[in-house]
Amino acid sequence: MSVHKEVKRVTTHVLAEMKLHGEKISMLTAYDYSMAKLVDQAGIDVILVGDSASNVMAGNETTLPITLEQMIYHGKSVVKGVTRALVVVDMPFGTYQGNSLEALNSAIRIMKITHADAVKLEGGKEIMESVERIVMAGIPVMGHLGLMPQSIHKYGTYIVRAKEELEAKKLIEDAHYLEQAGCFAIVLEKIPAKLGQQVAEELKIPVIGIGAGGGVDGQVLVIHDMLGMTQEFSPRFLRRYLNLASEIKTAVGNYVADVKSRDFPNEKEQYD
Ligand code: KIV
């Protein structure tokens, strides 16, 4: 039985059912109304309004500069385009690390204004109190472990995380803490496939991977990467389904040539 084909609206409960039935969860990012509408119509289960918007939409080097107001703007735009997928909004850097009340207030602001279904936070045991407080307020929380881009200045590199035993052990512990705190799912980014599978097997909640191998409960990619709009970024885990960068450049080049040669607009493309 396919849980995903049966439902009109994906909820956190539906995702739990998918894990129970061994059905993989599909998740992609989106940051605007038009793209979210297409991704939703194509049948995605979860749309993440990722703080990767800082990189792919705003052109920043890291996810750190994006603000709560900017994430709310993207979240609101995405929600308007979606009728079926579960929409999760990333809580940006600096809006939840201070204390659990700050975290709760930021999460409430996101939910009230965007009408999204859930929020996502990066971190393990150290954010457990915040996760509990947000969940207690009735807001579903997705966790995020492994490579956490908001901590890039601590790591100093985007290499695979948790290859060493000590870091792997901490990641497993953190995953259990997040489950205990009430997360409905967690994202694992750029870790060894074996470790991803172990965490997915140990947890009852769905584990969604990006560069965490095929043994987890679902996969997430950044939409600009999987559509081939970003050209410089080529990690091993990325599968490109289109070469949109080249398609767009060809189309724009053709338009420029048509305007210059006066081929556009032709007679049928103008009014009498
Ligand atoms: O911001 C983002 O796009 C993410 C994904 C990489 C999971 O957090």
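- Hydrophobic cluster membership differs between Leu38 and Ile223, with clusters built from Ile, Leu, Val, Met, Phe, Trp and Tyr side chains linked at under 4.5 angstrom.
- In this structure, Gln180 and Lys125 have side chains that are not in contact, with every pair of non-hydrogen atoms separated by 4.5 Å or more.
- Just one residue in the list Val88, Ile127, Val131, Leu178 forms a side chain to side chain contact (heavy atoms under 4.5 Å, CB included) with Val141, and that residue is Val131.
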Audit row: Ile66, Gln150, side chain to side chain contact (heavy atoms under 4.5 Å, CB included) steps and yes/no: CA-CA 10 Å; Ile66 201 158; Gln150 291 180 12; over 6 Å; no
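- Between Ser54 and Pro65, the shortest heavy-atom distance links the atoms OG-CD, 3.6 Å.
- Transitive grouping of hydrophobic side chains (ILVMFWY, heavy atoms separated by less than 4.5 Å) brings Met229 and Met57 into a common cluster.
- Here the closest non-hydrogen pair linking Gly215 and Lys24 is C-NZ, 4.3 Å.
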CA sep, side-chain torsions, deciding dist, call: Gln231, Ser246, side chain to side chain contact (heavy atoms under 4.5 Å, CB included): CA-CA 9 Å; Gln231 293 175 296; Ser246 151; 5.7 Å; no
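- Considering OG1 of Thr62 and OH of Tyr158, their distance stands at 6.0 Å, rounded to 0.5 Å.
- Placement of Tyr241 and Val56 within a single hydrophobic cluster is found when ILVMFWY residues are connected by side-chain heavy-atom separations under 4.5 Å, directly or transitively.
- Leu121 places a side-chain heavy atom less than 4.5 Å from the side chain of Ile134.
- In this structure, the side chain of Gln198 does not engage the main chain of Ala193 through any donor-acceptor pair within 3.5 Å.
- Atoms NE2 and CD, from His144 and Glu122 in turn, are 5.0 Å apart once rounded to the nearest 0.5 Å.
- At a threshold of 4.5 Å between non-hydrogen side-chain atoms, the residues Phe184 and Val135 do not count as touching.
- The shortest non-hydrogen separation linking Ser234 to Arg240 is OG-NH1, 3.2 Å.
- Judged by distance alone, the side chain of Ser52 and the main-chain N or O of Asn55 form no donor-acceptor pair under 3.5 Å.
- A donor-acceptor contact shorter than 3.5 Å is absent between the side chain of Ser26 and the backbone of Ile44.
- When atom types are taken as modelled, the side chain of Lys19 and the backbone of Ile205 share a donor-acceptor pair closer than 3.5 angstrom.
- Summarising the local packing, CD of Glu61 is surrounded by 12 or fewer heavy atoms from other residues, nucleotides or ligands at distances under 6.0 Å.
- Side-chain contact between Met71 and Asp90 is present, with at least one heavy-atom pair separated by less than 4.5 Å.
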Side chain to side chain contact (heavy atoms under 4.5 Å, CB included) between Arg236 and Val160, intermediate numbers included: CA-CA 11 Å; Arg236 180 176 174 155; Val160 181; over 6 Å; no
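- Linking ILVMFWY residues whenever their side-chain heavy atoms come closer than 4.5 Å, directly or via other members, leaves Leu171 and Met128 in distinct clusters.
- In this structure, CD in Glu179 is found 6.0 Å from NZ in Lys204, a value given to the nearest 0.5 Å.
- Ion pairing between Arg133 and Glu102 fails under the 4.0 Å rule for side-chain N and carboxylate O.
- The side-chain heavy atoms of Val199 and Ile172, taken from C-beta on, include a pair separated by under 4.5 Å.
- Gln197 places no side-chain N or O within 3.5 Å of a backbone atom of Lys194 that could act as its donor or acceptor partner.
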Trace of the side-chain hydrogen bond (donor to acceptor under 3.5 Å, both in side chains) decision for Asp40 with Thr83: CA-CA 7 Å; Asp40 187 48; Thr83 60; 3.2 Å; yes
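- Contact annotation: the side chain of Leu242 never approaches that of Glu247 to less than 4.5 Å [non-hydrogen atoms, C-beta and beyond].
- Pairing each heavy atom of Pro192 with each of Lys163, the nearest pair is CG-CG, 4.0 Å.
- Although no hydrogens or angles enter the test, the distance criterion places a donor-acceptor pair under 3.5 Å between the side chain of Ser106 and the main chain of Thr95.
- The closest side-chain heavy-atom distance from Phe93 to Thr63 is not below 4.5 Å.
- More than 12 heavy atoms of other residues, nucleotides or ligands sit less than 6.0 Å from atom NZ of Lys170.
- Heavy atoms from other residues, nucleotides or ligands lying under 6.0 Å from CZ of Phe237 number more than 12.
- Counted within 6.0 Å of CD on Glu164, heavy atoms from surrounding residues, nucleotides or ligands total 12 or fewer; the atom is thus considered open.
- The side chain to side chain contact (heavy atoms under 4.5 Å, CB included) with Thr114 is formed by just one residue from the set Val49, Ile72, Val78; it is Ile72.
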Audit row: His153, Leu64, side chain to side chain contact (heavy atoms under 4.5 Å, CB included) steps and yes/no: CA-CA 10 Å; His153 295 304; Leu64 276 70; 3.6 Å; yes
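- Judged by distance alone, with hydrogens and angles left aside, the side-chain atoms of Lys37 form no donor-acceptor pair with the main-chain N or O of Asp32 at under 3.5 Å.
- Tyr31 and His74 have perpendicular rings, their planes meeting at more than 60° on a 0 to 90° scale where under 30° would count as parallel.
- Taking CG of Leu15 as the start and CG of Leu20 as the end, the distance is 12.5 Å to the nearest 0.5 Å.
- Under the 4.5 Å side-chain criterion, counting only non-hydrogen atoms from C-beta, Asp45 is in contact with Arg84.
- In this structure, Ile113 CD1 and His115 NE2 are separated by 8.5 Å, a value rounded to the nearest 0.5 Å.
- For the pair Tyr155 and Gly146, the tightest heavy-atom approach, listed with the atom from each and the gap, is OH-O, 3.4 Å.
- Contact detail for Ala137 and Leu104: the closest heavy-atom pair is CB-CD1, 3.5 Å.
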Audit row: Thr230, Asp225, side-chain hydrogen bond (donor to acceptor under 3.5 Å, both in side chains) steps and yes/no: CA-CA 5 Å; Thr230 44; Asp225 298 336; 2.5 Å; yes
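- Leu238 and Leu188 fall within the same hydrophobic cluster, where Ile, Leu, Val, Met, Phe, Trp and Tyr residues are linked whenever their side-chain heavy atoms come under 4.5 Å apart, directly or through other members.
- Taking CE of Met18 as the start and CG of Asp217 as the end, the distance is 11.5 Å to the nearest 0.5 Å.
- Salt-bridge annotation for Lys169 and Glu165: absent, with no side-chain N of the basic residue lying under 4.0 Å from a carboxylate O of the acidic one.
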